[in-house]
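Notes follow the structure.
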Amino acid sequence: MEKATRFTLRVKITVVIFLVLFFLPIYTGLTDNGFYLDLVNRLMILAIAAASLNLILGHGGMISFGHAAYLGIGAYCVGIPAYYGVDNGPLQIFLAVAASGIFALITGAICLRTKGVYFIMITMAFTQMVFFGFVSVEEYGGDDGLVIDTRSNFGSFINIEDNINLYYFILISLIICLFLIHKITKSRFGLVIEGSRSNEQRMRSIGFDTYRYRLICYVIAGCICGYAGALLGNFTNFISPEMMDWAASGELIFMVILGGTGSLLGPVFGAAAFVILEEWLSSLTLYWHFIFGALLIMVVLFARGGISGIVTYLGNRKQ
Amino acid sequence: MTPILKITSLCKQFGGITATNNIDLNINEGEIHAVIGPNGAGKTTLISQLSGDLKADKGAILFQGDLITNMPSNKRSLLGIARTFQITSLMLDMSTLDNVALAVQAHSGHSYRFWQDARQDNQLIEPALYVLKQVGLLGRKDIITRELSHGEHRQLEIAMALATQPKLLLLDEPMAGMGGEETQKLIAIFKKLKTGKTMILIEHDMNAVFSLADQITVMVYGEIIATGSPKEIRANQKVKAAYLGDEELQTC
Ligand SMILES: Nc1ncnc2c1ncn2[C@@H]1O[C@H](COP(=O)(O)OP(=O)(O)OP(=O)(O)O)[C@@H](O)[C@H]1O
Ligand SMILES: [Mg+2]
């Protein structure tokens, strides 16, 4: 009984969220208010990135402080080809995912040999290397960044130069990514990842080569975030190294923890809270990052399950 | 009989402490070989070197004729060596069934399977339930492991090792912290398992040791001071002096 009510509150919230997301462009079209559309576009892209981080951080216990690297890599894989006049969408997406995957494979192979604080530091260090790498390449704008003139071209399939089309493209991407991550976490592979977070030594002892499984998980998360980066490049029409400085990685962690680690919709809640708070607080005060910090401490101290945990709690109480 | 496990001059040092010192030991197939000795004798260290959780400083381990001295623990598990931990080591965030099902999964092909729901997979669930029934944990299958009692943790330790269908089972004080009734039940389980399995049993419960063991090895300060049948060990003067109190011997 208890389980059933929890389930329905979750399902209700999920349905409401996606209904709102689905009909939002109609509302903004009627009221001629593009601002909300932009806000939600950004929210959804960040939700994909946060969901991919949640896969390694929440499910796998791999606290990466460098996940924004993939946002940057993905975005540059749209921006650099576009700079040379190559706007082929599938090619750009492929580049974004492949480059992210390769970066994750190489850095992950090294990072995953370390544990705890060392892992956090080394993931951050690799991302800083990419950050400074792009800062130093003058050809692509250095730290001023680069304007992307044309969005990815998907031919007759969909034209994302149109903002409404781009919106639905991102929404469908979010749904597919969440579904993929959901499937992965429930699969044999997902259980190995969860077991390795819980007790890696024992997992090895019963016969799993945990290092390899964790590395593959790290690569999958990188690929998904790279895809989010490609969307981000298209959405902002502008790329700069700032997308992947360490603060950006920190913000992704903020979203995952605020939303609730290890839960499917947590990253969506987290990204929503982040985007809304950022928009609202930054209009109130210059020191909005300070309030973020305070909020994060509150969540860690008093609401370990984050927003998703609060939803579960309310669902239980209602019945 | 050919030994399933051949250990030659195995050594392990921790800083200044010699935990195992030139251990030479053969374990025959199908026997229950008890290793006894006072606290700190190096029994757990020996098990960890056999399971691959600790690297040997020196020496060689042959399992079914293969040199496994430098093989990582996960590969040894796939060859058929399983261990239980003296200090319980479980996936505490997952359910009892998950813990055992993972042990089954590790031995049913690779786990690069991303799509099907593993918790609905009868190829994993059925063998796991069978083992849980065997150790008497079936009724607790959906409980998060963290919430089990100490005795149940010990049972789960054994269930996970059994679920890998090992040829060689390394049991590090499996009865520690268990009640009398549970201990008897375990003794019965191990007796039943004897067909087709070899076991190394570390145990302080002399009742269990003498009712199960075919061979007994006595370790003191990292060295083997005697190996033989229970009868021989009982009669051994060195063992009497070093380890077994006289009264204990009489009660057995
Ligand atoms: N990881 C370690 N680091 C340092 N010293 C260790 C370590 N593990 C064991 N030792 C030391 O090695 C010696 C042997 O320890 P071990 O745990 O193998 O003994 P044991 O026979 O299993 O004892 P018990 O009956 O108490 O379980 C002890 O002196 C112990 O303090
Ligand atoms: Mg011990």
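A note on names: the letters A, B, ... follow the listed sequences, proteins ahead of strands, and every chain is numbered from 1.
For CG of A:Leu301, the number of neighbouring non-hydrogen atoms (other residues, nucleotides, ligands) closer than 6.0 Å is greater than 12. Enclosure of atom NZ in A:Lys115 by more than 12 non-hydrogen atoms of other residues, nucleotides or ligands within 6.0 angstrom is indicated. Atom NZ of B:Lys6 is surrounded by 12 or fewer heavy atoms from other residues, nucleotides or ligands within 6.0 Å. Other residues, nucleotides and ligands place more than 12 heavy atoms under 6.0 Å from the CD atom of B:Gln13. Around CD of B:Glu182, the count of heavy atoms belonging to other residues, nucleotides or ligands within 6.0 Å exceeds 12. For CZ of A:Phe18, the number of neighbouring non-hydrogen atoms (other residues, nucleotides, ligands) closer than 6.0 Å is greater than 12. No more than 12 heavy atoms of other residues, nucleotides or ligands shown are found within 6.0 angstrom of CZ on A:Arg212. Around atom CZ of A:Phe94, no more than 12 heavy atoms belonging to other residues, nucleotides or ligands sit under 6.0 Å away.
Between A:Arg202 and B:Asn99 the shortest side-chain heavy-atom distance does not fall below 4.5 Å. Contact check for B:Asp93 versus A:Glu194: no side-chain heavy atoms found under the 4.5 Å cut-off.
In this structure, B:Ala118 and A:Ser187 approach most closely via the heavy-atom pair CB-C, 3.7 Å. Between B:Phe114 and A:Ile220, the shortest heavy-atom distance links the atoms CE2-CD1, 3.7 Å. Closest non-hydrogen pair, A:Leu191 versus B:Arg119, comes out as CD2-NH2, 3.4 Å. A pairwise comparison of heavy atoms in A:Gly195 and B:Leu102 identifies CA-CD1, 4.3 Å as the closest pair.
Residue B:Gln116 holds its CD atom at 15.0 Å from NZ of A:Lys186, rounded to the nearest 0.5 Å. Atom NE2 of B:His107 and atom CZ of A:Phe208 lie 8.0 Å apart (nearest 0.5 Å). A distance of 11.0 Å separates CG in A:Asp209 from OG in B:Ser111, rounded to the nearest 0.5 Å.
At a 4.5 Å heavy-atom cutoff, B:Thr88 makes no contact with chain A through either its backbone or its side chain. With a threshold of 4.5 angstrom between heavy atoms, B:Ala103 approaches chain A through its backbone and through its side chain. Only the side chain of A:Arg197 comes within contact range of chain B, with at least one heavy atom under 4.5 Å from a heavy atom of that chain.
The choice from B:Leu78, B:Asp98, B:Leu124, B:Thr145 that makes the most heavy-atom pairs within less than 4.5 Å of chain A is B:Leu124. In terms of heavy-atom pairs under 4.5 Å with chain B, the best-connected choice from A:Thr185, A:Thr210, A:Leu180, A:Ile216 is A:Ile216. Chosen from B:Arg76, B:Gln120, B:Met94, B:Lys75, the residue pairing most often with chain A at heavy-atom distances under 4.5 Å is B:Met94.
A donor-acceptor pair shorter than 3.5 Å cannot be found between the side chains of A:Ser205 and B:Asp53.
Under the 3.5 Å distance criterion, the side-chain polar atoms of B:Thr164 are left unmatched by any main-chain donor or acceptor of A:Ile206. A donor-acceptor pair under 3.5 Å is formed between the side chain of B:Gln105 and the backbone N or O of A:Arg188.
The aromatic rings of B:Trp115 and A:Phe179 lie perpendicular to each other, with more than 60° between the two planes, well past the 30° mark.
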